[in-house]
Amino acid sequence: MPKLTINGTEIEVAPGTSILQAAESLGYEIPRFCYHDRLSVPGNCRMCLVEVEGAPKPVASCAMAAGEGMIVHTDTDRVRRARQNVMEFLLINHPLDCPICDQGGECDLQDQAVAYGYDRSRYRESKRAVPNKNIGPLIKTIMTRCIQCTRCVRFGEEIAGVTELGLLHRGEDVEIGTFVEKAVSTELSGNMIDICPVGALTSAPYAYKARPWELRKTQSIDISDAAGSNIRIDSRGNEVLRILPRLHEGINEEWISDKARFCYDGVSRGRLDTPWLRDEPGAKLRPVSWEEALTFVAGRLRKIRAKDMAALAGDLADLESVVALKDLMTQLGTPHLDCRMDGARFDPSSRANYLFNTTIAGLERADCILLVGTNPRWESTMINARIRKAWRQKKGALPVGLIGEEADLTYPVEHIGETAAALKEIIGGKHPFAKKMKAAQNPVLIVGSAVFAREDHGAIAHLLGELARKYDIIRDGWNGMNMLHGAAGRTGALDVGFVPQAPDARGMAEIIEGTRSGAVKALYLLGTDEFNARADIGWQCFVVYQGHHGDHAAMRADVILPGAAWTEQDGTYVNVEGRPQFARQAVSPPGEAKENWKIIRALAERLNIRLPYDTSAHISARIAADWPHLAKWDVLPDHTEIGAWDLKGEKGDLSGGVLASPVRNYYMTNPLCRASEIMARCHAAFPKGRDADSGSEDKTEQEAAE
C-alpha cells in the first residue's frame, strides 16, 4: 500500500486511490466539477489541480493515482493561480443569470467561483449561446450554462443504463445533447438534475417555485415502491414543492426514481378533505361532519355479526394505522383480514417467506441472478439499479436469467421462457442457464409477489423450493431467496399479521367474492385503491373507505373517512428487506382530514372499544411491545432468526400462463401517481413505461397532451 505526504501529513492508502480521495480522507477540500464518487473519472474540468513535487506542472488529482513517496501540496500559490485560471475559462461563456437560475443557492459553480475564482473576467469577446434541448417533461435545460463536465452523460451510461446523452462536436463548439432529439427514457433521469454542478439541468416542475433557503426540509421515506428509498421533502407553508434523495448506502445510495421524486404534486390534487356519507345504496354521497360519519359507521357495524365483517389494508398504509385497524377488528371478533392487494397467497408465518432476504446491498455479492415473474425496473427501480451496479462491478460477468415477460432491464438478460414450465428446465439441468446456477457461489432468486396470485401458485412454490435445494441458494451465511413486493406498506402489514386470522378465514379474493355473495356484509377499506372496487364489490355490502384520494374505492364507498397522506403524518414503513424506517410529517392534512390511526381510534370509541393508545408515542410503544424488531428503525433483520424459507408448496399442474409483472403502467401505480399532473405528462411522453394493451387509450392521452 503506497504511502504519500499531503500538506506535510503522511498517509497510507489502498492501491488505486486517487490523490483527491487521499486528500479528502485527511480533511483537505479539493474543488471539482467533473469528478463524482460514483461515476468514472474523465479528468476534463481540471478544477482539482494540485502540485506534486517533481511534476513539471499541476496535475488533476482526480485522475492521478497516489504513488509511493509522493509529496503533494493542495494550497500553494501555484495551485491557487491554476484554479483561478481554470475558473476563468469555465466562466467565459457562462451567462450571468444567477438571479433567475433555479440552481441559485445550491450551485457548485457559484460556491467555487467565490472560493477559488477571480473577482473579474478578462474575456471581452461575445459569449457563445447553445440551444436548449428537449429531453422530456422532467428536466428543464438551459445548455448555455453547461460546462461540459459530462456527469449527466456518464450517469446515463453507467448508472441508468441508457446512452442517449453524449458530447457532440469539438473544440469551442462542443455541447451536450441527444444524438436524435428525444426524451431521456430512464426512470432515474431526475438524478441528472442533482449531479449537474451548474444550472444547465434543473427540475422542470420546480422551475421558479422557490429558493432553497425558503424551504422547510423534512426527512422521510419514499412510498412509490417497497424499496424504502430515503428522501427529503422540501415544503413551503403547507405545500410540498420538491423531493430530493438522501444518502443511504444500504438502499438507494444517493439516487431515487423519477416516480419517487416527482409524484409529490399528486398529494394535493383530487384529495378527500371532508367526510362523506351515502344514506342508502344507490343514493348520492353527501358531505357530513366527523361526528355524524363515525356515529353512522358505528351504528351500522353494531348490527352486523363479526363473522360477516372484513377489512383490507392498502399498499400505502403506514404501520401505525394497520396496527390500529387490526386491533379494532380483533376486538370486534372478525378474522377476515388481508393486506395482499395483489391477491398473492403465500404462507406469511415465516418472515423469510416474504422478505428480500439477500438485502438490496447484498445483491452486489451475487454471482448469478434468476428473475421469476418480475420486472424490477418497473416494480422497484432502485433494486434494478443495484443489479446493474453488480453487473458493472463484475465487468459484465454476472449472468442474469429471466422467466416471464421479456423486458429491457438496462443490463443483459438471458430470457429463459415465459411460463413456469421453464423452472422445470432449470431444475432438470436441461437449459444452459442451469450450468451458470450450478457454478455460482452466491446464487440469487428474485420472485415477483404476483406469481403467488396465480391459480397454480402452490405448484410454482414447490418448484421454487426444489430449485433452492438443488442449487444451494440458501446456506450458512447466504440467503438468496427473495420475494419482491411493489407496495410500501405490505411488508409491515405482513409483519404485524394483517392476514387471515384463522384457517377458514377469508383472504383478499374470498373477501371480494363474499361481498357479492352476501357472506361479507361490511367491509372496511384502509387506503385500498389497487382494484376496481366499484365493479368488484357487491352493492349489498356496507363499505367504509378511509384514505386520502377519491380513487377507485372511494367511488364505491358508503362512508368516506378522509385520512392523511404519507407527507402529512408521522408513520413507520418496513421496506422489502424488513428494515423499519420512519417517515416524518412535512405538511398538515388538508381540510378536515385526520391522521389515519386516530380515525380508527375515534371509531373504536363510538363502538365502546378501548384501544390502548392516545398519542403517537403510545402506539409506538404498543408496536414495540408486540413486535420489538419493528421499533429498531433502520436496522436490518437478523436473517438467522427470521425462520426458514418455506412457502409450503405442493406438486401440481402448471396453468401455463405467462408469468407477467403486475405493473402495467410504471407512472400510474398508486393513487398519488394517478392524481399527479407530472406523472400524467410522463405517462404521455414515455410509451415504454406502460403496457401495450392500453395503447389506444394512451394514444388518445398523447394526442390530448399534444
Side-chain angles (χ1 to χ4, degrees), residues 1-94 103 106-119 121 145-155 157-159 167 174 176 191-192 194-201 247 253-254:
M1 296 197 0
K3 287 184 180 179
L4 69 159
T5 303
I6 302 177
N7 294 344
T9 304
E10 189 175 76
I11 183 175
E12 186 175 14
V13 297
T17 302
S18 68
I19 295 175
L20 186 149
Q21 292 170 322
E24 293 211 326
S25 68
L26 290 174
Y28 297 116
E29 180 183 1
I30 295 180
R32 85 294 298 271
F33 290 114
C34 66
Y35 176 80
H36 191 281
D37 291 339
R38 302 185 193 278
L39 303 177
S40 60
V41 179
N44 57 6
C45 79
R46 320 309 285 184
M47 194 63 200
C48 65
L49 294 175
V50 297
E51 187 174 356
V52 179
E53 290 189 9
K57 59 183 179 179
V59 302
S61 60
C62 70
M64 174 71 73
E68 180 66 36
M70 271 186 178
I71 300 176
V72 180
H73 304 283
T74 67
D75 195 25
T76 63
D77 287 339
R78 187 183 186 191
V79 168
R80 284 193 291 270
R81 287 196 304 272
R83 290 174 181 169
Q84 286 175 336
N85 292 334
V86 169
M87 180 61 71
E88 189 175 9
F89 274 109
L90 289 175
L91 293 175
I92 278 178
N93 288 309
H94 197 80
Q103 196 83 348
E106 44 192 16
C107 175
D108 292 347
L109 187 63
Q110 276 185 335
D111 296 341
Q112 294 185 39
V114 171
Y116 303 102
Y118 286 123
D119 61 351
S121 172
R145 299 172 182 164
C146 179
I147 61 171
Q148 290 83 47
C149 71
T150 68
R151 281 187 179 184
C152 55
V153 177
R154 286 175 285 135
F155 175 86
E157 292 179 351
E158 297 167 16
I159 308 297
L167 205 59
V174 71
I176 299 289
N191 296 289
M192 295 180 182
D194 293 337
I195 63 175
C196 181
V198 297
L201 305 180
L247 178 67
E253 299 183 304
E254 58 187 88

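Since the structure is predicted, the reported quantities are computational estimates derived from the model, not experimental observations.
- Closest heavy-atom contact between V86 and C45: CG1-O, 3.3 Å.
- The CD1 atom of I71 lies 11.0 Å from the CD atom of E51; values are rounded to the nearest 0.5 Å.
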query: Where do L4 and V72 land on the side chain to side chain contact (heavy atoms under 4.5 Å, CB included) test, with the steps shown first?
result: CA-CA 8 Å; L4 69 159; V72 180; 4.1 Å; yes
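- Across all non-hydrogen atoms, the minimal contact from A113 to M87 is N-CE, 3.5 Å.
- Side-chain contact between Q21 and Y35 is present, with at least one heavy-atom pair separated by less than 4.5 Å.
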- request: Decide yes or no on side chain to side chain contact (heavy atoms under 4.5 Å, CB included) for D108 and V198, but give the supporting numbers first.
  value: CA-CA 6 Å; D108 292 347; V198 297; over 6 Å; no
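- Between V59 and L49, the closest side-chain pair of non-hydrogen atoms is not below 4.5 Å.
- To the nearest 0.5 Å, the span separating NE2 on H94 from CD1 on I147 amounts to 8.0 Å.
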- request: Tell me, with the steps shown, if V52 and I19 meet side chain to side chain contact (heavy atoms under 4.5 Å, CB included).
  value: CA-CA 10 Å; V52 179; I19 295 175; 4.0 Å; yes
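- Checked against I30 for a side-chain contact (heavy atoms from CB on, under 4.5 Å), the options V50, V79, D75 give a single hit: V50.
- Listed for the R83 side chain is no donor-acceptor partner under 3.5 Å among the backbone atoms of Y116.
- Judged by distance alone, with hydrogens and angles left aside, the side-chain atoms of E158 form no donor-acceptor pair with the main-chain N or O of L39 at under 3.5 Å.
- The line from OG1 of T17 to CE of M1 is 8.0 Å long, rounded to the nearest 0.5 Å.
- The minimum heavy-atom distance between S61 and S18, with the atom names listed, is O-CB, 3.6 Å.
- Considering all non-hydrogen atoms of both residues, N44 and C34 come closest at OD1-CB, 3.0 Å.
- Going from atom CG of L90 over to atom CZ of R46 covers 12.0 Å, rounded to the nearest 0.5 Å.
- A donor-acceptor pair is defined here as one N or O able to donate and one able to accept, closer than 3.5 Å; such a pair exists between the side chain of Q103 and the backbone of C196.
- L91 is not listed as a side-chain neighbour of Y118, based on a closest heavy-atom distance of 4.5 Å or more.
- Shown here are the side chain to side chain donor-acceptor pair (under 3.5 Å) partners of R78, two or more places apart in sequence or in another chain: there are none.
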field: side chain to side chain contact (heavy atoms under 4.5 Å, CB included) assessment of M70 paired with T5
entry: CA-CA 6 Å; M70 271 186 178; T5 303; over 6 Å; no
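- Side-chain contact of E88 with S121: a donor-acceptor pair under 3.5 Å is absent, judged by distance alone.
- No donor-acceptor pair under 3.5 Å is formed between the side chain of Q112 and the backbone N or O of P31.
- Summarising the geometry of H73 relative to T76, their closest heavy-atom pair is CB-CG2, 3.4 Å, with the distance given to 0.1 Å.
- Shown are D194, N191, T150; of these, the side-chain contact (heavy atoms from CB on, under 4.5 Å) with F155 is made only by N191.
- With rounding to the nearest 0.5 Å, the separation of CG in L201 from SG in C152 is 5.0 Å.
- Nearest approach of C62 to G43, heavy atoms of both residues: SG-CA, 3.9 Å.
- Atom NE2 of residue H36 and atom CZ of residue R154 lie 9.0 Å apart, to the nearest 0.5 angstrom.
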Which donor-acceptor pairs under 3.5 Å do the side chains of residues 6-14 make with protein atoms, sequence neighbours left out?
residue : atom : partner : partner atom : Å
N7      : OD1  : T74     : N            : 3.0
N7      : ND2  : T74     : OG1          : 2.7
T9      : OG1  : Y28     : OH           : 3.4

task: Apply salt bridge (charged side-chain N to carboxylate O under 4.0 Å, His left out) to E254 and R38, showing your working.
output: CA-CA 9 Å; E254 58 187 88; R38 302 185 193 278; 2.8 Å; yes
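- For F89, the CZ atom is loosely surrounded, since the number of other residues' heavy atoms within 6.0 Å does not exceed 12.
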